[in-house]
Engineer: 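Quick one: the structure is below, and I'll ask about it shortly.
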Amino acid sequence: MATVAGPLPSIGHDQMLVFLLQIGVLLAAAMLLGMLAVRLGLPPLVGELSAGVLLGPSLFGEFLPGLSDWLLPRDPAQMHLLTAVAQLGVLLLVAITGAHIDLGLIRRKGRAIGWVSAGSVLLPLALGIGLGFLLPGSLIAPSADRGTFALFIGVAIAVSALPVIAKTLLDMRLLHRDVGQLIVGAAAISDIVGWLLLSVVSAMVVSGAGPGMILQTVGYLFAALAIAVLVVRPMTRGVLRHTERSGQPGVSVAAIVVLITLSAAGTQALDMEPILGAFLCGVVISSLGSGSRKTLDTVRSFVMTTLAPLFFATAGLQVDLATLAQPTVLLAGIVTLLVATVAKFAGGYLGARLGRLGHSESLAIGAGLNARGVVEIVIATAGLQLGILTTATYTIIVLLAVATSVMAPPFLRYATSKIPKTTAETDREREFAGT
């Protein structure tokens with residue numbers, strides 16, 4: 001006789017209370033510190049990341065441990081609720097970024113983007129691997145070998161953070177500029193390469209890096225690109241055409257959110273980051289014209305003012321500055337930050353110059369690509385879970401993520417101030433503002 005399943009138990013009273021307080025406190029702190037950052041001449045992103053750092057173990061957890069343990073417990077089930085909401089925010093943010101990419105400009109500047117992507121990945125990767133062989137053995141997890149650790153450090157230094165770069169460019173009103181489009185295009189390619197390399201490192205730890213595994217990973221990437229063009233694009237066109245005829249604007253918005261989340265689920269199913277799927281869906285939406293972009297932009301205000309700040313604040317919670325009290329960790333952190341910053345900037349600058357871009361544009365690209373943000377935090381978490389990093393090394397990489405994200409905006413503002421605005425950029429700004 002079949003057993004009749006009873007109703008699933010609801011979220012407990014205390015768990016729901018803590019979840020709602022987490023949302024309210026983190027969002028309020030992100031909003032207030034974001035406003036303070038603007039007053040100081042910095043993008044809101046700087047304050048939003050700082051909100052998480054202040055509410056994490058570095059300050060709140062140090063001086064009010066009891067309250068911190070109750071509001072931000074180490075219980076995975078509790079924190080996963082917050083993480084899930086924040087993850088939806090970053091997926092929509094990346095999709096909005098993809099939808100505002102000028103594909104015509106990317107095609108025209110393909111040579112420059114190719115050089116920038118190559119320079120901003122290969123030089124940091126090489127220097128990062130070299131650094132990995134020089135860092136103290138105490139920073140390597142007991143289960144990892146030096147070669148795997150060095151490759152992981154190279155990957156961590158080579159990546160950029162498309163979500164952070166996107167938010168910075170949007171906050172600074174630079175996404176419509178040619179240089180902003182080049183930065184996003186190069187960051188997207190850099191991120192794809194970064195996730196590919198991370199997959200290789202993960203396979204080395206789990207089952208050993210054989211030619212078959214590497215070919216499979218590359219095959220999955222090309223499969224995702226092919227599906228975006230051959231399946232997602234015509235499907236999106238048909239769905240939006242049908243929903244627009246319904247006469248209910250909310251239906252089109254819901255349909256686009258569904259397409260974004262399903263695209264993210266697709267790349268997740270292929271063992272790649274969901275961010276890649278969301279970004280590709282945004283690019284598909286952009287390719288369908290301003291009408292489709294206008295539909296996506298109806299959720300832009302909510303994403304930019306609520307979901308994205310919550311995501312960045314949540315990422316900052318993982319920073320614990322107390323581990324830097326150890327001299328070895330502090331010195332390793334300073335050296336890693338210097339190598340990562342110089343390598344990324346030099347790689348982006350040299351790549352841009354090889355792509356025949358001017359000095360000011362090359363400076364801006366080098367500065368913009370330096371932001372690593374939460375992508376770095378995701379990679380650091382993966383390294384900890386794979387048994388490659390110690391807690392101290394994890395803290396160094398997370399600190400690198402936050403520091404480079406804070407440093408990038410002022411350098412970017414300085415570099416772009418010397419680049420005159422073109423008529424095409426003014427037209428693109430007007431188009432984006434009206435969509």
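Small disclaimer: the values here were computed from a predicted structure and weren't measured.
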Engineer: With a 4.5 Å heavy-atom cut-off, do Leu72 and Leu317 have their side chains touching?
Structural biologist: yes

Engineer: How about Leu82 and Leu26: do any of their side-chain heavy atoms sit closer than 4.5 Å?
Structural biologist: yes

Engineer: Closest approach of Ile260 and Ala95, non-hydrogen atoms and distance?
Structural biologist: CD1-CB, 3.5 Å

Engineer: Could you walk me through whether Leu33 and Leu54 satisfy the side chain to side chain contact (heavy atoms under 4.5 Å, CB included) test, starting with their C-alpha distance in whole Å, then the side-chain angles of each, then the deciding distance to 0.1 Å, before giving a yes or no?
Structural biologist: CA-CA 10 Å; Leu33 290 178; Leu54 295 178; 3.7 Å; yes

Engineer: Is there any salt bridge (Lys or Arg N to Asp or Glu O under 4.0 Å) pair reaching into residues 383-397, and which pairs are they, with sequence neighbours excluded?
Structural biologist: none

Engineer: Could you tell me which non-hydrogen atom of Leu135 sits nearest to which non-hydrogen atom of Arg146, and how far apart they are?
Structural biologist: O-NH1, 2.8 Å

Engineer: Going by ring-ring contact (aromatic ring centres under 6.0 Å, His included), name the residues that satisfy it together with Phe149, two or more places apart in sequence or in a different chain.
Structural biologist: none

Engineer: Using the side-chain hydrogen bond (donor to acceptor under 3.5 Å, both in side chains) criterion, which residues pair with Thr261? Sequence neighbours excluded.
Structural biologist: none

Engineer: Taking the side chain as every heavy atom from C-beta outward, state whether Val335 and Val339 have any pair of such atoms under 4.5 Å apart.
Structural biologist: yes

Engineer: Which residue in the set Asp145, Thr148, Ile140 passes side chain to side chain contact (heavy atoms under 4.5 Å, CB included) when paired with Ile388?
Structural biologist: Thr148

Engineer: Under 3.5 Å, is there a donor-acceptor pair between the side chain of Thr395 and the main chain of Thr391?
Structural biologist: yes

Engineer: For residues 151-158, which side-chain donor-acceptor pairs fall under 3.5 Å, sequence neighbours excluded?
Structural biologist:
none

Engineer: Measuring from atom CD1 of Ile365 to atom CG of Leu357, what distance do you get when rounded to the nearest 0.5 angstrom?
Structural biologist: 5.0 Å

Engineer: Give a yes or no on this: more than 12 heavy atoms of other residues, nucleotides or ligands lie within 6.0 Å of atom CZ of Arg111.
Structural biologist: yes

Engineer: Atom CD1 of Ile397 and atom OG1 of Thr336: how far apart are they, to the nearest 0.5 Å?
Structural biologist: 8.0 Å

Engineer: Under the rule for ring-ring contact (aromatic ring centres under 6.0 Å, His included), what residues qualify as partners of His359, not counting sequence neighbours?
Structural biologist: Tyr349

Engineer: With sequence neighbours left out, which residue pairs that include part of residues 229-239 fulfil the side chain to side chain donor-acceptor pair (under 3.5 Å) condition?
Structural biologist: Arg233-Ser287

Engineer: Would you be so kind as to tabulate the donor-acceptor pairs closer than 3.5 Å made by side chains of residues 112-128, with sequence neighbours excluded?
Structural biologist:
unit_1	atom_1	unit_2	atom_2	d
Ser117	OG	Ile113	O	2.8
Ser120	OG	Val116	O	2.8
Ser120	OG	Ser117	O	3.3
Ser120	OG	Ser190	OG	3.4

Engineer: Restricting to pairs with a member in residues 380-426, which pass ring pair (Phe, Tyr, Trp, His ring centres under 6.0 Å), not counting sequence neighbours?
Structural biologist: none

Engineer: Under the rule for side chain to side chain contact (heavy atoms under 4.5 Å, CB included), what residues qualify as partners of Ala364, not counting sequence neighbours?
Structural biologist: Val179, Leu412, Ala415, Thr416, Ile419

Engineer: Using side-chain heavy atoms (C-beta onward) and a distance below 4.5 Å, is Leu363 in contact with Glu361?
Structural biologist: no

Engineer: Side chain to side chain contact (heavy atoms under 4.5 Å, CB included) with Leu280: which of Leu225, Ile227, Val232?
Structural biologist: Leu225

Engineer: Can you tell me if Met79 has over 12 outside heavy atoms packed within less than 6.0 Å of its CE?
Structural biologist: yes

Engineer: I'd like to check Ser160 versus Lys344 (side-chain heavy atoms, cut-off strictly below 4.5 Å). Are they in contact?
Structural biologist: yes

Engineer: Please name all residues satisfying side chain to side chain contact (heavy atoms under 4.5 Å, CB included) with Leu71, sequence neighbours left out, ordered by chain then number.
Structural biologist: Leu21, Gln22, Val25, Phe60

Engineer: Please list, chain by chain and in numerical order, all residues satisfying side chain to side chain contact (heavy atoms under 4.5 Å, CB included) with Leu32, sequence neighbours excluded.
Structural biologist: none

Engineer: If every non-hydrogen atom of Gly387 is compared with every non-hydrogen atom of Ala144, which pair is closest and at what distance?
Structural biologist: O-CB, 3.5 Å

Engineer: Would you call Gln15 and Leu81 a side-chain contact if the rule is heavy atoms closer than 4.5 Å?
Structural biologist: yes

Engineer: State which residues pass side chain to side chain contact (heavy atoms under 4.5 Å, CB included) with Pro274; sequence neighbours excluded, sorted by chain then number.
Structural biologist: Gln87, Leu91, Ala264, Gln268

Engineer: In Å and rounded to the nearest 0.5 Å, what is the CG to OG distance from Leu400 to Ser405?
Structural biologist: 8.5 Å

Engineer: Could you pull out the closest heavy-atom pair between Ile165 and Ala187, with the gap in Å?
Structural biologist: CD1-CB, 3.7 Å

Engineer: Between OG1 of Thr314 and CD1 of Ile23, what distance do you get to the nearest 0.5 Å?
Structural biologist: 7.0 Å

